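Throughout, a chain's letter reflects where its sequence line sits, starting with A, and its residues are numbered from 1. In this text the structure is predicted, and so the values were computed from the model without any measurement.
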Number of protein chains: 2
Amino acid sequence: MTDASAPPMTRIQQKNRDLILQGALEAFSANGFRGATIDQIAKAAGLSKPNVLYYFGSKDEIHKALLTTLLEMWLAPMQQIDPQGDPLDQVLGYVRAKLLMSRDYPRESRLFAYEILQGAPHLTEILGGGLREIVDRTVVVLERWMDEGRLARVEPRHLIFSIWSMTQHYADFEIQVRAVLGEGRDPVAEGGAFLDDLYRKLLTP
Amino acid sequence: MTDASAPPMTRIQQKNRDLILQGALEAFSANGFRGATIDQIAKAAGLSKPNVLYYFGSKDEIHKALLTTLLEMWLAPMQQIDPQGDPLDQVLGYVRAKLLMSRDYPRESRLFAYEILQGAPHLTEILGGGLREIVDRTVVVLERWMDEGRLARVEPRHLIFSIWSMTQHYADFEIQVRAVLGEGRDPVAEGGAFLDDLYRKLLTP
DNA sequence: CCTGATCCTGACCGTTTGGTCAATATTCCG
DNA sequence: CGGAATATTGACCAAACGGTCAGGATCAGG
């Protein structure tokens with residue numbers, strides 16, 4: 001997807017755009033779009049505010065670029081479900097992958113959570129387009145497995161919602177989780193075991 | 001909990017404070033704390049900005065009052081679990097109650113979602129205190145049921161997390177849900193059936 | 001009907017914030 | 001080296017925002 005028509009980026013451009021997106025992820029995921037300021041982003045990136053705006057014309061543009069950059073990575077695990085694999089293994093693997101992403105990339109998780117809470121003003125086209133297609137493809141696979149009797153029959157899209165909501169819960173509502181569990185526990189490790197058990201019971205034919 | 005020492009409220013105070021909280025719920029749930037402005041709240045309440053600040057000294061105070069007012073209602077369903085009832089019925093009833101609250105009070109759901117995403121700056125004492133106690137009480141009941149073999153054994157706190165995350169998902173991420181499901185479907189009705197099935201399979205001993 | 005308390009508002013203030021711009025520094029390349 | 005392209009910044013601006021305040025309107029009780 002590297003732009004062929006646009007002029008190639010200099011090393012400096014590459015580096016600074018990256019620094020800015022880095023800083024923007026920090027700021028946006030912590031405070032939401034409106035809560036984050038360009039100054040915060042600039043500081044986190046180690047650049048001056050006008051310099052940040054030299055690379056991205058506006059706060060909106062930074063946000064959009066960040067979402068676009070991260071969306072692919074965020075949806076990747078679902079596309080790695082292997083239609084040829086063992087159904088239960090594949091679904092449990094997906095759950096596990098999603099949960100680990102919540103643990104390892106909580107800022108990205110929060111970024112998308114904010115965006116969708118807000119009504120997804122910068123993601124509408126993707127939500128209605130690409131995302132739906134990706135889900136549809138997965139749904140086809142799931143339904144085939146159910147038809148073949150290799151997976152218990154459940155509404156596949158709601159199955160996916162359940163996976164999204166529960167795995168992201170550990171990242172987005174981490175504070176609540178920690179408050180309820182108390183100290184000295186590993187929320188994600190425990191959650192992983194719980195979810196494994198849950199989906200095994202739900203999906204074993 | 002009605003304050004006995006404070007002077008009683010006049011009708012006007014009662015009405016206007018209520019209007020303001022009403023408007024604040026609208027504004028905060030749509031845009032988050034930083035995204036909402038006092039002007040928005042005032043407009044939604046049908047009052048002038050200085051008049052809003054006559055009743056609540058600051059934006060922060062409005063937010064705090066709103067959270068405090070709604071928290072009780074938000075946690076009520078869990079306290080209605082009947083320790084003497086049938087275990088599966090009680091849990092499924094709780095799931096159902098939570099889901100209906102998401103459908104009927106999506107603004108409240110989003111309000112809390114924003115707050116917790118933000119790091120719960122106005123709820124820390126509640127998260128560490130009251131909430132944990134309420135959960136602990138429910139956990140005791142759940143564990144007893146599991147000990148008696150009337151409920152399959154799972155980690156009770158993660159069971160609660162799963163209920164929270166999935167039911168709130170339908171309110172907080174409604175846009176995403178609608179985008180994936182397409183039109184002409186009833187997300188909550190379908191979700192209800194899915195969740196009923198899921199928890200039945202998970203919890204039947 | 002009077003008076004004090006409550007209620008309400010327009011005008012205003014200081015700060016923050018997104019964004020601009022002219023001027024300067026740095027890099028790139030023939 | 002030298003000049004053009006690129007990169008960087010301090011100073012600045014207009015709008016938005018949270019909040020204040022003096023004064024006027026309204027209401028409740030005697």
Separation of A:L19 atom CG from D:dA7 atom P, in whole Å? 14 Å

Rounded to the nearest angstrom, tell me the gap between atom OH in A:Y54 and atom C1' in C:dT27. 11 Å

Per-nt protein contacts along nucleotides 15-26 of chain C (heavy atom under 4.0 Å; B base, S backbone sugar-phosphate only, - none) come out as --SBBBB-----

Other residues, nucleotides and ligands only: do more than 12 of their heavy atoms fall within 6.0 Å of CZ on A:R96? no

Please tell me if the side chains of B:L67 and B:W74 come closer than 4.5 Å, counting only heavy atoms from C-beta onward. no

OP1 or OP2 of C:dC7 under 4.0 Å from side-chain N/O of B:T10: yes

Any idea how A:F28 and A:H63 line up, ring-wise: parallel (<30°), tilted (30 to 60°), or perpendicular (>60°)? perpendicular

Length of the line joining B:I12:CD1 and D:dG29:P, which is rounded to integer Å: 11 Å

Among C:dC28, D:dT8, D:dA28, find the nucleotide with the atom closest to the side chain of A:R11. C:dC28

Looking only at side chains, do A:Q118 and B:Y114 share a donor and an acceptor under 3.5 Å apart? yes

B:D89: side-chain hydrogen bond (donor to acceptor under 3.5 Å, both in side chains) partners, not counting sequence neighbours: none

Output the rounded distance in Å from CG (B:N51) to P (D:dG19). 16 Å

Just how far, in rounded Å, is C1' of D:dT8 from CD of A:Q13? 13 Å

Taking only the side-chain nitrogens and oxygens of A:Y55, find out if one of them lies under 4.0 Å from OP1 or OP2 of D:dT8. yes

Return the value, rounded to whole Å, for the distance between atom CZ of B:F28 and atom P of D:dC17. 13 Å

Basic-acidic side-chain contact under 4.0 Å: B:R200, B:D196: yes

Between D:dA28 atom P and B:Q14 atom CD, what is the distance in whole Å? 14 Å

note: B:F56, atom CZ; C:dC8, atom C1'; distance rounded to Å ~ 16 Å

Less than 6.0 angstrom separating the ring centers of B:Y170 and A:H158, yes or no? yes

